Amino acid sequence: MRLISAACCLVIAAATGAPAQAQSSAGKADLAALQGAWTIVSATSDGQSAPPDAIKDSRRTAHGDTTTVVIGGRLMLKATFVLNPTAKPKTIDYHVLDGMSPTGSTQMGIYELKGDTARFCFAPPGQPRPGQFATHLGERRTCSVWQRAKP
C-alpha cells in the first residue's frame with residue numbers, strides 16, 4: 001500500500017514560480033508537448049520501485065495548464081501547472097485543485113521531455129524542489145516516467 005501511495009504522490013508534484021510558459025517560446029513548446037493523454041512506464045518513491053500491478057492502468061491528461069492523474073480508477077491529482085523550461089533542470093509547479101494532496105497546496109518538481117516520453121520528479125508539498133531525477137529512503141520524493149498514449 002505504501003508503494004501505491006508513493007506512486008500516487010509521484011505523479012502529484014510541482015514547483016513554484018512565475019508563469020514561464022506564458023512568457024517564452026520554450027515554455028509554450030513544452031506546454032504543447034505535455035498536452036493530451038499519457039500512460040505510466042515506471043514510478044519510484046523513497047528509493048523503491050512501484051510494482052507494475054500497482055501502477056497499471058494509470059493515466060495522466062493535460063488540457064491547457066490543467067492536468068489530471070488517475071491511478072487504478074482513483075483520482076490522485078487535479079492541478080494547474082506552471083513550467084519554467086529555462087531552469088536547469090526544468091521546473092514545474094503544481095497548484096493542487098483536488099486529489100490526494102491538500103487542495104491549495106503547491107508541489108515543486110522537475111521535468112524532462114524527450115519525444116513522446118516525459119519524466120518528472122517531485123517533492124511533497126512544503127518540501128524543497130528535487131535537484132535530480134532520483135529518490136532516496138526518507139525523502140518522500142517521487143519520480144515517474146510517462147509515455148504518450150497511443151490513439
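Note that this is a predicted model, so its numbers are computed, not measured.
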Would you say T44's side chain and S49's backbone share a donor-acceptor pair under 3.5 angstrom?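 Between the backbone of S49 and the side chain of T44 there is no qualifying donor-acceptor contact (under 3.5 Å).
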Within the distance-only criterion (no hydrogens, no angle test), does the side chain of T67 pair as donor or acceptor with the backbone N or O of T61 below 3.5 angstrom?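 The answer is yes, because a donor-acceptor pair under 3.5 Å joins these two groups.
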Considering only heavy atoms from C-beta outward, does the side chain of [X] approach that of [Y] to under 4.5 Å?
| X | Y | answer |
| --- | --- | --- |
| I110 | F133 | yes |
| L31 | F81 | yes |
| V70 | L77 | no |
| V82 | I92 | no |
| Y111 | P85 | yes |

Taking all non-hydrogen atoms of both residues into account, name the closest pair between [X] and [Y] and its distance.
| X | Y | answer |
| --- | --- | --- |
| P124 | E139 | CD-O, 4.1 Å |
| V96 | S101 | CG1-O, 3.6 Å |
| P130 | G109 | CD-CA, 4.1 Å |
| A50 | I55 | CB-CG2, 3.8 Å |

Not counting sequence neighbours, list each pair that qualifies as a salt bridge (charged side-chain N to carboxylate O under 4.0 Å, His left out) and has a residue in residues 115-125.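 As it turns out, the salt bridge (charged side-chain N to carboxylate O under 4.0 Å, His left out) pairs with a partner in residues 115-125, which skip direct neighbours, are E112-R119, D116-R148.
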Of all residues at least two apart in sequence or in a different chain, which pass the side chain to side chain contact (heavy atoms under 4.5 Å, CB included) check with A134?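 Per chain and number, A134 pairs via side chain to side chain contact (heavy atoms under 4.5 Å, CB included) with Q132, H136.
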With clusters defined by side-chain heavy atoms of hydrophobic residues (ILVMFWY) lying less than 4.5 Å apart, directly or transitively, does M100 cluster with F120?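 In one cluster with F120: M100, yes.
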If hydrophobic clusters are built by linking Ile, Leu, Val, Met, Phe, Trp and Tyr wherever their side-chain heavy atoms come under 4.5 Å apart, do L113 and I40 end up in the same one?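 Linked within one cluster.
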Atom [atom1] of [X] and atom [atom2] of [Y]: how far apart are they, to the nearest 0.5 Å?
| X | Y | atom1 | atom2 | result |
| --- | --- | --- | --- | --- |
| K78 | T103 | NZ | OG1 | 11.5 Å |
| D65 | H63 | CG | NE2 | 12.0 Å |
| K90 | L83 | NZ | CG | 9.0 Å |

Can you find a side-chain donor-acceptor pair between H95 and T106 that sits under 3.5 Å?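 On atom types as modelled, these side chains qualify, holding a pair under 3.5 Å.
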In terms of side-chain geometry, is the basic nitrogen of D46 or R141 positioned less than 4.0 Å from the acidic oxygen of its partner?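 Not counted as a salt bridge, because no side-chain N and carboxylate O are separated by less than 4.0 Å.
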The criterion is side-chain hydrogen bond (donor to acceptor under 3.5 Å, both in side chains); which residues satisfy it with T117, sequence neighbours excluded?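 Q147.
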